[in-house]
2 protein chains.
Amino acid sequence: MTPPGKTRPAKKAPRPAAAAPPKPSAGKPLRPRRLPRQSRATATVEAILEAAACILETGGFDAYTTNAIAERAGASIGSLYQYFPNKAALTQALIAREDAALLRELGKLLEYPKGIGLLHELVRVAVAQQLRRPLLARLLDAEEARLPPSDETERLHALLAELFQRSLGPALLALEPRLPQDLFAIIRGMVDTAGEMGERDDQALAVRTERAVFGYLASFKVPLR
Amino acid sequence: MTPPGKTRPAKKAPRPAAAAPPKPSAGKPLRPRRLPRQSRATATVEAILEAAACILETGGFDAYTTNAIAERAGASIGSLYQYFPNKAALTQALIAREDAALLRELGKLLEYPKGIGLLHELVRVAVAQQLRRPLLARLLDAEEARLPPSDETERLHALLAELFQRSLGPALLALEPRLPQDLFAIIRGMVDTAGEMGERDDQALAVRTERAVFGYLASFKVPLR
DNA sequence: CAAATTTATGAGCAAATACTCACATCAACT
DNA sequence: AGTTGATGTGAGTATTTGCTCATAAATTTG
């Protein structure tokens with residue numbers, strides 16, 4: 001996911017529809033894509049998303065083609081395009097899916113009491129999330145940075161800001177406004193790198209990540225509450 | 001660049017040559033690609049590499065096509081394929097180019113006296129390098145993680161290990177073998193994220209990155225020399 | 001049951017892509 | 001000047017890619 005803050009513009013327009021003789025019946029200029037209403041439809045959508053994630057993390061962007069995704073999902077290419085208007089939308093849905101998972105986990109922390117203990121929990125959640133599929137997380141992060149922010153992304157930023165506020169209090173944040181960004185960066189850097197190196201021990205990694213996070217905080221010589 | 005440590009396997013075979021009638025003269029099964037010998041040739045190669053970097057960082061992997069790269073470089077597609085046997089080789093050359101630049105800068109630090117001052121310099125060099133083209137750095141990092149390690153990469157790892165050894169001494173490293181990896185991860189995470197957020201002030205970022213690095217070190221409660 | 005709606009299929013199309021090759025141009029040398 | 005090899009060119013080729021659409025199957029509804 002993207003760090004809390006602003007984002008960047010999009011890049012490329014989708015390919016225009018192929019030149020074809022006008023249809024006799026259709027009045028709608030652009031058919032709205034279908035939303036899954038039956039259970040098998042949502043199953044198809046999930047299979048497609050999972051296949052996309054799988055292909056991306058094992059084969060990179062080169063292997064990330066719509067036909068390959070549909071095949072891996074055990075669905076037809078037509079089914080894919082019934083739920084995603086184009087390839088970019090699929091990628092965005094993938095990002096939204098990962099964001100939503102993190103959002104869910106972080107949301108639980110809102111019931112946690114304020115204070116520094118909250119930050120410990122925050123680290124653990126972030127580590128666990130990013131370590132689940134490290135390669136996928138990295139690729140999606142890079143892609144997310146070049147896309148307009150989705151609803152999920154925005155909500156995530158807001159939640160993170162709130163949680164940092166509750167963990168650190170306003171004093172520290174006034175002292176260093178970029179503190180959330182930096183803590184986030186430290187966590188992401190540590191976990192991405194660990195994942196890249198094949199590390200799989202959440203516990204050990206979480207301990208070291210906390211060291212880094214709290215070491216950075218301690219450098220401000222401000223008492224944590 | 002990749003963090004110091006092991007790497008991952010490659011992925012895809014290049015497309016086989018098009019089915020064609022056997023050439024009358026050629027005895028060599030695969031023509032070796034040309035090395036630039038005249039100055040204009042090296043200029044072409046550099047233009048192609050720069051164009052590739054430019055396209056990758058502004059358009060992502062979608063826009064990263066050989067034809068587009070050649071056009072942006074002001075060269076013909078034929079010229080591109082005279083110096084790079086295929087697209088993957090171009091990407092590897094791009095990575096090697098960035099690694100070489102970092103290698104050059106870090107190499108200078110070998111003349112620096114041992115001790116903690118060296119780590120300060122190391123941070124500054126790494127920050128400057130990664131902040132020069134943050135988006136490009138991130139994309140290449142991600143790609144490098146999925147490629148077999150090049151010579152440049154290996155030399156870079158060796159040099160980094162040596163510099164960390166000189167900065168920290170053996171005691172700390174024995175205490176936490178993953179220290180180099182972690183420090184590297186913190187630096188990369190901070191700088192990548194800052195670049196993603198549009199931060200451009202090397203100085204301020206270097207200060208915060210040092211806080212993070214030395215904060216992590218301080219958490220070990222071992223006196224630094 | 002039938003009618004209506006949702007879901008799934010996959011051959012196939014236009015465009016794009018990686019890459020080749022026969023040829024033109026340039027530079028260095030005698 | 002002429003020879004030689006390095007360099008540059010870009011139309012063209014086989015393949016791939018994103019995506020459509022006519023049609024069929026499954027499910028829900030009346």
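So that the names make sense, note that chain A is the first sequence line, chain B the second, and so on, each numbered from 1.
A donor and an acceptor atom, one from each side chain of A:T153 and A:S150, are located under 3.5 Å apart.
Mapping A:G78 and A:T66 onto DNA chain D by nearest heavy atom places A:T66 closer to the 5' end of the strand. Taking for each of B:I77 and A:Y83 the nucleotide of DNA chain C with the nearest heavy atom, the 5'-most of the two is the partner of A:Y83.
One N or O donor and one acceptor, one from the side chain of B:N67 and one from the base of C:dA18, sit under 3.5 Å apart.
Closest to the side chain of A:S76, from the set C:dA8, D:dG10, D:dT20, is C:dA8.
No option in B:T91, B:L56, B:L94 other than B:T91 meets the side-chain contact (heavy atoms from CB on, under 4.5 Å) test with B:E143.
As judged by a 4.0 angstrom heavy-atom cut-off over every strand, B:I69 is placed among residues making no nucleic acid contact. Nucleic acid contact for A:T65: sugar-phosphate only, since backbone atoms but no base atoms lie under 4.0 Å from a heavy atom of the residue. Contacts of B:F84 with the nucleic acid, taken as non-hydrogen atoms under 4.0 Å apart, are absent.
Distance A:E71 CD to D:dG18 C1': 16 Å, rounded to the nearest Å. Going from atom CG of A:D62 over to atom C1' of D:dT15 covers 15 Å, rounded to whole Å. One atom, CD of B:Q82, and another, C1' of C:dA24, lie 12 Å apart when rounded to the nearest Å. One atom, NZ of A:K87, and another, C1' of D:dT16, lie 11 Å apart when rounded to the nearest Å.
Between A:Y81 and D:dC19 there is a side-chain N or O to OP1 or OP2 distance below 4.0 Å.
Without hydrogens or angle criteria, A:T209 side chain to A:L205 main chain gives a donor-acceptor distance under 3.5 Å. Using a distance-only test at 3.5 Å, with no hydrogens or angles considered, a donor-acceptor pair links the side chain of B:R166 to the main chain of B:L110.
Against DNA chain C, the stretch residues 37-45 of chain A makes heavy-atom approaches under 4.0 Å through A:R37, A:Q38, A:R40, A:A41, A:T44.
The side-chain heavy atoms of B:V127 and B:R124, taken from C-beta on, include no pair separated by under 4.5 Å.
Evaluation of the side-chain contact (heavy atoms from CB on, under 4.5 Å) rule for A:A51 yields A:I69, A:R72, A:A73 as partners, not counting sequence neighbours.
Every pair passing salt bridge (charged side-chain N to carboxylate O under 4.0 Å, His left out) that includes a residue from residues 38-51 of chain B is listed here, sequence neighbours excluded: B:E50-B:R97, B:E50-B:R133.
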